[in-house]
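Below is one structure; the comments refer to it alone.
The chains referred to below are lettered A, B, ... by the order of the sequence lines, with proteins before strands, and numbering in each begins at 1. All of these numbers come straight from a predicted model, not from anything done at the bench.
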Amino acid sequence: NAGVTQTPKFQVLKTGQSMTLQCAQDMNHEYMSWYRQDPGMGLRLIHYSVGAGITDQGEVPNGYNVSRSTTEDFPLRLLSAAPSQTSVYFCASSYSGGQGARYGYTFGSGTRLTVV
Amino acid sequence: GQQLNQSPQSMFIQEGEDVSMNCTSSSIFNTWLWYKQDPGEGPVLLIALYKAGELTSNGRLTAQFGITRKDSFLNISASIPSDVGIYFCAGTVGGKLIFGQGTELSVKP
């Protein structure tokens with residue numbers, strides 16, 4: 001049971017490049033989310049999904065796309081990287097309903113992205 | 001949209017002291033969660049609260065889900081050096097988990 005796995009752990013991009021941050025969970029969680037964390041800003045929700053085939057925008061969705069074709073995977077795509085997207089990105093997953101309430105969200109260890 | 005206001009932003013305390021931090025919101029949340037984040041790591045769940053008015057303990061940690069479902073507090077008793085880190089409150093509604101800005105705790109031995 002690996003939990004929530006994020007790859008890569010570190011990435012440097014040039015402005016305008018695109019890339020995909022991978023997130024996979026093996027706990028059969030319905031809910032998955034992507035966050036970015038900047039100094040002094042806490043964790044801000046980018047996109048989230050309540051199940052396969054269903055995604056929705058969070059607080060800061062601009063510049064990012066997501067899809068959820070399987071329960072296990074929730075990739076985050078940066079369409080055209082900008083220096084403002086330099087951040088630490090976290091993926092998280094959770095059961096829905098009562099189990100989700102009881103056990104909360106499990107987080108990956110993060111991807112540190114620098115855009116130059 | 002939903003926002004969580006967490007206070008204080010930072011705390012500097014002596015080992016052995018008790019700590020209290022809280023979160024408020026203008027929106028109702030279904031659950032309140034408290035997380036701790038160590039440097040270079042993802043947040044780790046400390047306490048989950050899912051009933052309004054609920055008071056829950058986990059070792060030296062105690063948290064409460066406000067009766068209005070718009071606030072929560074976390075208390076840490078008899079702090080120790082390993083309590084150092086950033087503490088986040090978070091609330092869930094409709095599959096979304098929203099975070100407060102965090103409280104950075106420093107403990108002086």
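- Only the side chain of A:L45 comes within less than 4.5 Å of a heavy atom of chain B; its backbone N, CA, C and O stay farther away.
- The most heavy-atom pairs under 4.5 Å with chain A, out of B:A90, B:A48, B:G40, come from B:G40.
- Placement of B:V44 and A:V88 in two distinct hydrophobic clusters is found when ILVMFWY residues are connected by side-chain heavy-atom separations under 4.5 Å, directly or transitively.
- Note on B:F73 and B:I47: separate hydrophobic clusters, where clusters join Ile, Leu, Val, Met, Phe, Trp and Tyr whose side-chain heavy atoms are under 4.5 Å apart, directly or indirectly.
- Under the 4.5 Å side-chain contact rule for hydrophobic residues, B:F88 and B:I76 share a cluster.
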Derivation and outcome, ring pair (Phe, Tyr, Trp, His ring centres under 6.0 Å), residues A:F107 and B:F99: CA-CA 13 Å; A:F107 281 78; B:F99 279 82; 5.7 Å; yes

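- Placement of B:I98 and A:V66 in two distinct hydrophobic clusters is found when ILVMFWY residues are connected by side-chain heavy-atom separations under 4.5 Å, directly or transitively.
- Considering only heavy-atom pairs separated by less than 4.5 Å from chain A, the leading option among B:G42, B:P43, B:G102, B:G100 is B:P43.
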Which donor-acceptor pairs lie under 3.5 Å between chain B and chain A?
| from | atom 1 | to | atom 2 | distance (Å) |
| --- | --- | --- | --- | --- |
| B:Y35 | OH | A:Y105 | N | 2.9 |
| B:Y35 | OH | A:Y105 | O | 2.8 |
| B:Q37 | OE1 | A:Q37 | NE2 | 2.8 |
| B:Q37 | NE2 | A:Q37 | OE1 | 2.9 |
| B:G40 | O | A:R112 | NH2 | 3.0 |
| B:Y50 | OH | A:R102 | NH1 | 3.0 |
| B:Y50 | OH | A:R102 | NH2 | 3.1 |
| B:G95 | O | A:Y105 | OH | 2.8 |
| B:L97 | O | A:Y35 | OH | 2.6 |

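- One hydrophobic cluster, built from ILVMFWY side chains closer than 4.5 Å, holds both B:I13 and B:L61.
- B:L97 touches chain A through backbone and side chain together, each having a heavy atom under 4.5 Å away.
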